[in-house]
Protein chains: 2
Amino acid sequence: MPDASTIVTVLDRAGYRLTEPRRVVAGLIAGREGHFTAADLVDDARERRLDVGRATIFRALELFTELSAVERVDLPSGEHAYVECEPIHHHHVICSQCARTTEVEACGMPAVAREVGKATGFKIQSHRLELFGICPDCQAANSRRG
Amino acid sequence: MPDASTIVTVLDRAGYRLTEPRRVVAGLIAGREGHFTAADLVDDARERRLDVGRATIFRALELFTELSAVERVDLPSGEHAYVECEPIHHHHVICSQCARTTEVEACGMPAVAREVGKATGFKIQSHRLELFGICPDCQAANSRRG
DNA sequence: GACGTTGACGATACCGAGTCTCACTCAGTA
DNA sequence: TACTGAGTGAGACTCGGTATCGTCAACGTC
Ligand SMILES: [Zn+2]
Ligand SMILES: [Zn+2]
Ligand SMILES: [Zn+2]
Ligand SMILES: [Zn+2]
């Protein structure tokens with residue numbers, strides 16, 4: 001359930017101007033299901049005859065990322081995609097068929113990180129975890145289709 | 001301890017031609033400490049007056065990746081880097097200061113994946129885990145330097 | 001060792017993601 | 001309502017990566 005007003009609210013709270021282009025980009029993101037690229041938004045905007053510059057879309061994405069309203073995920077293909085999400089530590093489970101994503105909070109990673117730190121001597125600062133699989137909907141669709 | 005001959009051996013076993021450019025790229029990789037980008041190798045080659053085309057370096061990296069002699073890691077900056085590594089499931093701990101990497105085998109992820117699968121209904125197929133931190137050497141250097 | 005096949009090479013053109021510049025505009029303020 | 005700087009958009013630019021295509025050389029065969 002993406003929601004444009006959520007992003008707008010975050011913007012406002014952080015003291016950024018609530019401009020029309022930013023609202024538009026927030027709306028485009030809200031209209032997306034699953035992950036999307038900057039290019040996707042550019043296409044969406046052109047299709048809907050919404051007048052937003054390409055540079056502005058990139059700038060908005062950068063800003064939203066900084067405010068943790070969206071997060072960048074690196075797909076196995078190497079593409080840089082984005083997903084709208086909550087501003088708390090979490091990870092994404094990504095459907096490799098329909099691109100829909102789900103957030104997972106309890107990642108169990110602190111334990112792993114601690115263990116790895118002990119084994120390697122590294123002082124672990126951060127981690128990235130992305131899980132890829134098939135979502136329930138796609139599983140159902142697949143089995144129905146034989 | 002990177003080793004050019006390791007990559008060459010893998011190439012040979014997989015039935016690919018052992019060409020001079022491929023040996024050169026393997027050598028460049030062997031001469032690297034920590035992660036590197038395609039552009040890094042291009043620069044290295046030019047510096048050492050080794051005649052390898054840019055396209056060839058990209059092709060070699062692609063091939064080596066396919067053969068699991070190197071692996072691509074996505075840095076937090078968004079850069080696509082590579083590390084030489086063993087062809088078994090593992091993850092990388094990456095020093096955010098000197099770029100050196102260490103492989104970690106026991107990732108404890110199967111349990112996490114299973115749990116996530118149960119919680120979300122996804123059929124988990126694969127995962128990517130990258131850990132970032134400060135390596136022992138850099139820690140020592142840092143504290144010495146005050 | 002010479003031959004022929006064909007996978008690999010390299011120069012170059014090309015594409016597309018992302019950034020930069022700069023003149024202009026408009027949101028928020030006094 | 002005038003001011004001011006954050007924000008915008010057109011377009012040039014950079015750079016990672018790919019496609020094309022004529023040439024070349026690795027390697028199996030004889
Ligand atoms: Zn799906
Ligand atoms: Zn985590
Ligand atoms: Zn280090
Ligand atoms: Zn793992």
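Below, each value reflects all heavy atoms present in this structure, side chains not excepted, and no hydrogens, waters or symmetry copies. We name chains A, B, ... by the order of the sequence lines, and we start the count at 1 in each one. Since the structure is predicted, the reported quantities are computational estimates derived from the model, not experimental observations.
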Only distances under 3.5 Å count here; give the side-chain donor-acceptor pairs of residues 109-118 of chain A to other protein atoms, sequence neighbours excluded, each with its distance to 0.1 Å.
none

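- Below 30°, between 30° and 60°, or above 60°: for A/H127 and A/H91 the angle between ring planes is between 30° and 60°, a tilted geometry.
- Between A/L41 atom CG and C/dG16 atom P there is a gap of 17 Å when expressed in whole angstrom units.
- Along DNA chain D, the nucleotide nearest to B/T19 and the one nearest to B/A38 differ in position, and the one closer to the 5' end is contacted by B/A38.
- In this structure, A/R22 and A/Y16 approach most closely via the heavy-atom pair NH1-CB, 3.8 Å.
- If you take CG of B/D40 and C1' of D/dC15, they are 14 Å apart, rounded to a whole angstrom.
- With D/dG7, C/dA17, D/dC27 as the choices, the nucleotide that has an atom nearest any side-chain atom of A/R54 turns out to be C/dA17.
- Between A/F64 and A/V25, the closest side-chain pair of non-hydrogen atoms falls below 4.5 Å.
- Remark: side-chain polar atoms of B/T37 are not paired, donor with acceptor, to backbone N or O of B/A81 under 3.5 angstrom.
- The interatomic distance linking A/R59 (CZ) with C/dA17 (P) rounds to 17 Å, in whole Å.
- Ranking D/dG17, C/dC9, D/dA6 by closeness to the A/R17 side chain, first place goes to D/dA6.
- Looking at B/V104 and B/H90, their side chains never come closer than 4.5 Å, going by heavy atoms from C-beta outward.
- Minimum atom distance to the side chain of B/R22 is reached by C/dA8, of the listed D/dG9, C/dA8, D/dG16.
- Of the listed nucleotides (C/dT19, C/dC9, D/dG16), D/dG16 has the atom at the smallest distance from the side chain of B/F58.
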Could you pull out every donor-acceptor pair under 3.5 Å between side chains of residues 7-14 of chain A and any protein atom, sequence neighbours left out?
| residue | atom | partner | partner atom | Å |
| --- | --- | --- | --- | --- |
| A/T9 | OG1 | A/S5 | O | 2.7 |

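- Between the CG atom of A/L18 and the P atom of D/dA6 there is a distance of 16 Å, rounded to whole Å.
- Rounded to 10°, the angle separating the first-five-pair axis and the last-five-pair axis of the helix from C/dG1-D/dC30 to C/dA30-D/dT1 equals 30°.
- Summarising the geometry, the separation between CG on B/L11 and C1' on C/dG7 is reported as 13 Å, rounded to the nearest angstrom.
- Separating the CD1 atom of A/I57 from the P atom of D/dA10 is a distance of 11 Å, rounded to the nearest angstrom.
- Rounded to an integer number of Å, the gap from OH of B/Y16 to P of C/dT6 is 17 Å.
- Toward the 5′ end of DNA chain D lies the nearest nucleotide of A/D51, the other residue of the pair A/D51 and B/A39 mapping further downstream.
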